[in-house]
Number of protein chains: 2
Amino acid sequence: MPVPLYQAKAEFFRMLGHPVRIRVLELLQDGPMPVRELLANIEVERSNLSQQLAVLRRSGIVTSVREADTVVYSLAGPDVAELLGAARRILTELIAGQQGLLDELRATPSVGALSRGR
Amino acid sequence: MPVPLYQAKAEFFRMLGHPVRIRVLELLQDGPMPVRELLANIEVERSNLSQQLAVLRRSGIVTSVREADTVVYSLAGPDVAELLGAARRILTELIAGQQGLLDELRATPSVGALSRGR
DNA sequence: TGCCGAATTGAAGATTTCTTCAATTACTGC
DNA sequence: GCAGTAATTGAAGAAATCTTCAATTCGGCA
């Protein structure tokens, strides 16, 4: 392995680990979008958005093209939706699990939690 | 949204963004495994592994049970493999894309790169 | 009880990532 | 060319995460 695969994976997930970057990827799922419009949909300063876009661009997960006076961003590949979908499923599951744990605690105040993590 | 969803997603990905944590999740895909064995498979100090396991536990993606003198970890749900699979697909795609870009640059030294991001 | 190995915890310093600002580039229209 | 808008960049301080160490907990066993 030239660059250990698990390290590449870690970097990849770290690249996704920022609220603004997530929102950009979600917005781009509906198709290419100019920066101006991203800016209108995400509550963040222009230069901060640029910084986050630069992170996404460096990783290669999005591409940008200049069109007249605006810059348009697109997803680089079709698998991003799948990834975000998988993440959403796990999150839903995790939240449901925590909810289940809460219910369990409420129902039987003295036992239960011990068999779950922690 | 009580905690904005995109923030939860970002935290989730950040939780995945560490080589040791990735390796733990990959190892646990084959079934529950005691810490001792994780330690044998991952090159990291014991206390550092514990720290990373604590991060995974806090997020709820793994659970731990004490069995006699060892602690055994398991994945909390079945969707993790799917997520790692999606990530691998995208990574493959990204690396292939970069390779393609390199080929393109080699073939036509003066044009090409401009239409791709940056 | 006292000791041993397994694992976790808390804390401190080192490293990395975030945010923000001012400066700069790139394009359009006058 | 010059002014004006869109977007990016570089840099610096603030904030979060990593690594490592010593101390602690927990169960098993003599």
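Please read all numbers here as calculations on a predicted model, not as lab measurements.
For A/Arg57, whose side chain is taken as the heavy atoms from C-beta onward, the closest listed nucleotide among D/dT9, C/dA7, D/dA6 is D/dT9. Listed nucleotides: C/dT8, D/dG27, C/dC21. Nearest to the side chain of B/Ser50: C/dT8. The side chain of B/Ala68 lies closest to D/dG28 when the candidates are D/dA6, D/dG28, D/dT8.
Among all heavy-atom pairs drawn from A/Leu28 and A/Ser74, the shortest one is CD1-C, 4.1 Å. For the residue pair A/Leu39 and A/Val44, the shortest heavy atom distance occurs at CD1-O, 3.6 Å. The two residues A/Phe13 and B/Ala87 come nearest to each other via the heavy atoms CZ-CB, 3.5 Å.
Of the possible donor and acceptor atoms, one in the side chain of B/Arg21 sits under 3.5 Å from a partner among the backbone N and O of B/Met15.
Nearest-nucleotide assignment on DNA chain D puts the 5′-proximal partner with A/Arg66, out of A/Ala54 and A/Arg66.
Phosphate proximity of C/dT8 to B/Tyr73: present, with a side-chain N or O under 4.0 Å from OP1 or OP2.
Following chains of ILVMFWY side-chain contacts shorter than 4.5 Å, one can reach A/Leu83 starting from A/Val55, so the two form part of one hydrophobic cluster.
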Worked check of side chain to side chain contact (heavy atoms under 4.5 Å, CB included) between B/Leu16 and B/Leu25:
CA-CA 9 Å; B/Leu16 294 173; B/Leu25 293 179; 3.4 Å; yes

Stepwise, does the side chain to side chain contact (heavy atoms under 4.5 Å, CB included) test hold for A/Arg23 with A/Asn41?
CA-CA 9 Å; A/Arg23 297 211 68 191; A/Asn41 281 277; 5.5 Å; no

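Distance, A/Met15 CE to C/dC18 P: 12 Å, rounded to whole Å. Rounded to whole Å, the distance from CG on B/Leu38 to P on C/dA6 is 14 Å. Look at CG on B/Leu53: it is 17 Å from C1' on C/dG10, rounded to the nearest Å. When the P atom of D/dT20 is taken as reference, atom CD of B/Glu45 falls 5 Å away, rounded to whole Å. Going from atom CE of B/Met33 over to atom C1' of C/dA6 covers 17 Å, rounded to whole Å. Rounded to whole Å, the distance from CG on A/Asp69 to P on C/dG29 is 8 Å. Regarding A/Leu56, its CG atom lies at a distance of 16 Å from the P atom of D/dA7, rounded to whole Å. Rounded to whole angstrom, the span from the CZ atom of B/Arg46 across to the P atom of C/dT8 amounts to 9 Å.
Residue contacts for B/Leu49: at a heavy-atom cut-off of 4.0 Å it reaches no nucleic acid atom on any strand shown. Within the 4.0 angstrom heavy-atom criterion, only backbone atoms of the sugar-phosphate kind lie near B/Arg36; the bases stay farther away.
Atom CZ of B/Arg14 has more than 12 heavy atoms from other residues, nucleotides or ligands within 6.0 Å.
A donor-acceptor pair shorter than 3.5 Å can be found between the side chains of A/Gln52 and A/Asn48.
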Close N/O contacts between protein and nucleotides 22-24 of chain C (under 3.5 Å):
none

What does the list of N/O pairs under 3.5 Å between the protein and nucleotides 16-19 of chain D look like, with a distance for each?
from, atom 1, to, atom 2, distance (Å)
D/dT17, OP1, B/Arg14, NH1, 2.9
D/dC18, OP1, B/Arg21, NH2, 3.1
D/dT19, OP2, B/His18, NE2, 2.8

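Distance check, rounded to the nearest 0.5 Å: OH of A/Tyr6 to CG of B/Leu27 gives 11.0 Å.
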